[in-house]
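Below, read A as the first sequence line, B as the second, and so on, with proteins coming before strands; counting in each chain starts at 1.
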There are 2 protein chains.
Amino acid sequence: MSRTQPARRPRAEDASPETTAPLAGAPADLVIGPLGGFLGYALRRAQLAVFEDFRRSVGRLGLRPAQFSVLVVIDASPGLKQSEVAAALGIQRTNFVAMVNELERLGLIERRPLDRRSVALHLTPAGAAKLKAALQAQYAVEERYARLLGPGGRERLLDLLGAVQTAPREG
Amino acid sequence: MSRTQPARRPRAEDASPETTAPLAGAPADLVIGPLGGFLGYALRRAQLAVFEDFRRSVGRLGLRPAQFSVLVVIDASPGLKQSEVAAALGIQRTNFVAMVNELERLGLIERRPLDRRSVALHLTPAGAAKLKAALQAQYAVEERYARLLGPGGRERLLDLLGAVQTAPREG
DNA sequence: CGGCATTGTTATGCTGCATAACAAGCAGGG
DNA sequence: CCCTGCTTGTTATGCAGCATAACAATGCCG
């Protein structure tokens, strides 16, 4: 479970002391240097791996990650305006239009006019059904990770990720 | 530091029991339902946040994340073939060509022919210097995260991410 | 009523990532 | 030696994600 600390490999004049601890990445065991000790790289790799899992489980239902997230939000907060759903997910209003079009075309969601300008988003029965199936599949994946990460591991990971995400950006 | 467990919000017939625990995401405090409890979503959000940090620190040197990772690998293992560096980073051989072209054009790396077909990649002095500066900036960011995540937090996070990444994919 | 912010929308471009196809070269078996 | 097959670098192409600019219609508020 715990990564071992190999003899360090200086090079490039060494810019700092401690830190680092390789990832033993999926790409063979080729030397990637201190890269595995950087959060950005480790996060990117882990994210790709988990999205790959998603593709193989929930993806079978014909849902992509972003689509899934939209359904979840609409289900959790029915009646939100299109722009609100987009904002909640950090999606640009402008890029969200095509997504809503697609989900509506698939008969999974519905646009209900609030006034002559804004629309409220709701799941259709088909959308609710598909989401239910998707959630079941996803919960199964999560439980697999919970097992893999040991007691409290998954929760700790979510906690750490939350802290990273909400950390104040320098600037 | 620790996320609170709010009253659950069933909906969509509920596909599973426990799991979940919201992220209190950056996008306002809008309701995203169980989304914050899914690893894929939490990972994606955290990754975007960290890449944003990268952009603001190392990015000032004119390096994008992928370029930075290439320099790190070449520095750690000088003389690897172009295809080997690509493989080590999980980059398609085909997409790697343009990246190498660019880094060579910037005078940061060098292609040295091994035979009439394959080339070995090396840092130029300018590349080594730029990488040194980039590593310093990056180590500073890492230390900021180390402080933010509390004692052992960053290391634990890297450990958990490594476990996720190397987990056996179902299929 | 009139200016202003909101909302949905289109157009456009860049980046990341995947696949197909190819030419040239190396390497190993017959 | 020569031919077959794998390797290597490369180009072309397409799709998805994400960003920005520009707009028209509309609601809102002083």
- Could you state the CZ-P distance from A:Arg112 to C:dT7, rounded to the nearest angstrom? 19 Å
- Message: With hydrogens left out and only the distance checked, is there a donor-acceptor pair under 3.5 Å joining A:Arg117's side chain and the base of C:dT7?
- Response: no
- Message: Hydrophobic clusters here meaning ILVMFWY residues chained together by side-chain heavy-atom distances under 4.5 Å, can you tell me if A:Val164 and B:Phe51 are in one?
- Response: no
- Base D:dT26 paired with A:Arg116 side chain (donor-acceptor, <3.5 Å): no
- Query: Starting at CG of B:Leu114 and ending at P of C:dA27, how long is that distance when rounded to a whole Å?
  - Reply: 11 Å
- Task: Let me know the distance between CG of B:Leu48 and P of C:dT15, rounded to the nearest Å.
- Result: 17 Å
- Message: Tell me the interatomic distance from B:Leu80, atom CG, to D:dT8, atom C1', rounded to whole angstroms.
- Response: 15 Å
- Item | Below 4.0 Å: OP1/OP2 of D:dG17 and any side-chain N or O of A:Arg64 | yes
- To the nearest 10 degrees, the angle between the two end axes of the helix from C:dC1-D:dG30 to C:dG30-D:dC1 (five pairs per end) comes to 10°
- Item | Value in whole Å for how far the C1' atom of D:dT7 lies from CD of B:Glu84 | 11 Å
- Query: Below 3.5 Å, does any donor atom in the side chain of A:Thr94 face an acceptor in the base of C:dT10, or the other way round?
  - Reply: yes
- Can you tell me if B:Gln165 uses its side chain to pair, donor with acceptor, with the backbone of A:Ala42 under 3.5 Å? no
- Query: Are any of the side-chain nitrogens in A:Arg147 or A:Glu143 under 4.0 Å away from the carboxylate oxygens of its partner?
  - Reply: no
- Item | B:Phe68/B:Phe54 aromatic ring centres below 6.0 Å | yes
- Message: Would you say B:Arg55 places a side-chain N or O within less than 4.0 Å of OP1 or OP2 belonging to D:dA19?
- Response: no
- Query: Between the side-chain atoms of B:Arg93 and the base atoms of D:dG9, is any donor-acceptor pair under 3.5 Å?
  - Reply: yes
- Establish, with yes or no, whether the OP1 or OP2 oxygen of D:dA19 is under 4.0 angstrom from a side-chain nitrogen or oxygen of A:Gln92. yes
- Distance in angstrom units between A:Arg44 CZ and C:dT15 P, rounded: 16 Å
- Message: Taking any heavy-atom pair under 4.0 Å as a contact, classify A:Asn95: base, sugar-phosphate, or nothing.
- Response: base
- Message: Taking any heavy-atom pair under 4.0 Å as a contact, classify A:Val119: base, sugar-phosphate, or nothing.
- Response: sugar-phosphate
- Task: Could you state whether A:Leu161 and A:Leu48 fall into the same hydrophobic cluster, counting links through intermediate Ile, Leu, Val, Met, Phe, Trp or Tyr residues with side-chain heavy atoms under 4.5 angstrom apart?
- Result: no
- Note on the structure: From CG of B:Asn101 across to C1' of D:dG9 the rounded distance in Å is 10 Å
- Task: Take the protein atom CG of B:Leu121 and the nucleotide atom C1' of D:dT8, then report the distance between them rounded to whole Å.
- Result: 12 Å
- Query: Under 4.0 Å: is that the gap between some side-chain N or O of B:Gln82 and OP1 or OP2 of D:dT7?
  - Reply: no
- Minimum side-chain heavy-atom gap A:Asp53-A:Tyr145 below 4.5 Å: yes
- With DNA chain C as reference, determine whether A:Ser83 or B:Pro65 sits nearer its 5' end, using the nearest nucleotide of each. A:Ser83
- Query: For A:Ala66 and A:Asp115, take the nucleotide of DNA chain D holding the closest heavy atom to each; which residue's nucleotide lies nearer the 5' end?
  - Reply: A:Ala66
- Message: Applying a strict under-4.5 Å side-chain criterion to I, L, V, M, F, W and Y, I'd like to know whether B:Val97 and B:Ile74 cluster together.
- Response: no
- Message: Measuring only between side-chain heavy atoms, which start at C-beta, is B:Tyr41 closer than 4.5 Å to B:Ile32?
- Response: yes
